[in-house]
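Reading through the structure tokens given below for one structure.
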Amino acid sequence: MDALALGSLFAGIKKKAKVVVVSNRQPWFHERVAEGIRAFRPASGLVTALEPIIEAVGGTWIAHGSASADRLVVDRKNRVRLPEENPRFTLRRVWLTPKEEEGYYYGISNKALWPLCHIVYTKPRFSRKDWEIYRDVNRRFSDTVLDEVGDSPAIVFIQDYHLALLPRYLRNARPDLKLIQFWHIPWPNREAFRIFPWSEEVLDGLLGNDLLGFHIQYHCNNFLDTVEKTLEAMVDYENFSIYRGGRPTYIRPFPISVDFGQIGIDAGSSIVQEKKESFIRQLGPGAEGTKIYVGADRIDYTKGIPERLRGFDLLLQRNPDLKRRVTLLQLAAPSRTQIEEYGRINDEIENLVEEINRRHGADPWKPVHFLRDHHDYHAVLAAYHMADVVMVTSLHDGMNLVAKEFVAARTDGDGVLLLSQYTGAARELTDAVLINPYDTDQLADAMLRAFRMPEEERRRRMARMRAQVEKNNIYEWGRKIFEELLKRVHLGKSRSEAKQVAMAGSVIRRLNPHLAAVKFLTLRCSSAILKKVHARLTGNGVMR
Ligand code: G6P
């Protein structure tokens, strides 16, 4: 599956329904630079994956406009066509006040849901005030989506944990909308999730979707279990679906990916070559002829950057002969810097880098080059291209697209991937050297193994990983999701039919949800039967 094939699949869909993508993070942000205003792509796995899809299918992407020049380029409806050089889709921006950003983005999304779902020993923090703002902002996104789709039938593709309540708001307002949500981070086990003070509301929100996707089956199972133990809903383990209010939500794994073909082409471009030369200059003569170990992450406590540095330190302590023969290049994008834990991890990394360089460095060789900046797409590809080894040491990660991007960029078929076994990617990239980032000894051993790995073995592993990412590329991900939706819903469904379904839902909500009969009805009966039930119960005065 490629961009063209996905585009033609959508040509049919778009005759029947509008297509709208919604996320917190926008695919492009606008900043003032010396020459005027320029568009940049943010460091976000979600954006890396979704941008090729929206370019292939067109439609509108609704997201938070958060950058300093974002307002200067939009029209009266807050829309801008992108990408600038060859516009293929519309970005519609939602504006938030600093207080809203604080409660919704920093507060509930990143101080509560992010650590709650990742379980990496960083405590989630909850605040009722933030929760109220989170609700309001989800409503604001709902109003924007409703305005965007007007009266037309539409498929709304919602992204991630920032918008957990949005599907319920949309479902209540427009029962006929087709709603899909993809949860880009892990879904934890029920014991971890149950401490979330508004867990029922979040689950009910997500069950407003027709289809809810996670990266791997394990997260789907965790979700089903969480719902079963928390909510009044019918969980059908045979079909992986959940019935609430008479409507099903299908829960499915869709391992996300990257644009394999395009990354390969871009990796060979002259701009990547220039970036590579600039890195080589930055690393200086000490790095010449050394094996280059690369890390490329947002500075986030889930990414295991200190663990990686400790592993590298141990590698050098145990193998002094590797001094002047290995160099670590760490590209690190600042992220969520207003949150205390992110400030702390940043300091910890800087201290570790300083310590390692002091302990092992020997002029002009510097063991670790820590480049804290927003490195653009081409710079990251250049780093992958010059790497002998790429290290992904996440303590927990839904998928991790650095791993897949690296593999896609290595058209030369060489390079070693060290990959945390706690990433979704480890399920597919079994030819990587899998590691436990909590185990520093094992990490140092794996780094040594990568150093010594014979070329023939490196190429064999890389070829298999490339075949996997090529097969399950991002367009294939998109195809699977939309085909699954089309199996479950009819795009041509009339408004009146949609109203009947909504009425059936209201019957169920008004009946005592503990009754076994109600559960049976929820699962098996058509809306026509439920209408009769409704009439009879109302006639008998059982319900008002
Ligand atoms: C993860 C999340 C995305 C998010 C990205 C970057 O990949 O799943 O939703 O966009 O991190 O984080 P940020 O907070 O900068 O959007």
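Predicted model only: the values in this text are computed from it and were never measured. The chain is numbered in sequence order, starting from 1. Just so you know, ligand 1 is whichever comes first in the structure, and atom 1 is the first atom listed for that ligand.
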If you look at each N/O of ligand 1, which protein N/O atoms lie under 3.5 Å away, and at what distance?
| unit_1 | atom_1 | unit_2 | atom_2 | d |
| --- | --- | --- | --- | --- |
| ligand 1 | 8 (O) | Asp160 | OD2 | 2.6 |
| ligand 1 | 9 (O) | Asp160 | OD2 | 2.5 |
| ligand 1 | 10 (O) | Ser44 | OG | 2.9 |
| ligand 1 | 11 (O) | Arg298 | NH2 | 3.4 |
| ligand 1 | 11 (O) | Arg336 | NH2 | 3.4 |
| ligand 1 | 12 (O) | Arg336 | NH2 | 2.9 |
| ligand 1 | 14 (O) | Tyr105 | OH | 2.4 |
| ligand 1 | 14 (O) | Arg336 | NE | 2.9 |
| ligand 1 | 14 (O) | Arg336 | NH2 | 3.1 |
| ligand 1 | 15 (O) | Arg25 | NE | 3.4 |
| ligand 1 | 15 (O) | Arg25 | NH2 | 3.0 |
| ligand 1 | 16 (O) | Arg25 | NE | 2.8 |
| ligand 1 | 16 (O) | Arg25 | NH2 | 3.4 |

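A ring pair (Phe, Tyr, Trp, His ring centres under 6.0 Å) with Tyr161 is found for exactly one of Phe182, Phe193, Trp187, Trp114, namely Trp114. Among the candidates Leu163, Leu165, Leu170, Leu146, the single residue satisfying the side chain to side chain contact (heavy atoms under 4.5 Å, CB included) test with Phe141 is Leu163. For the side chain to side chain donor-acceptor pair (under 3.5 Å) test with Asp431, the passing option among Gln468, Arg464, Arg466 is Arg464; the others fail.
Taking the centre of each ring, Phe196 and Trp198 come in below the 6.0 Å mark. The distance between the ring centers of Tyr301 and Tyr342 falls below 6.0 angstrom.
Applying the ring pair (Phe, Tyr, Trp, His ring centres under 6.0 Å) criterion to Tyr106, with sequence neighbours excluded, gives no partner residue.
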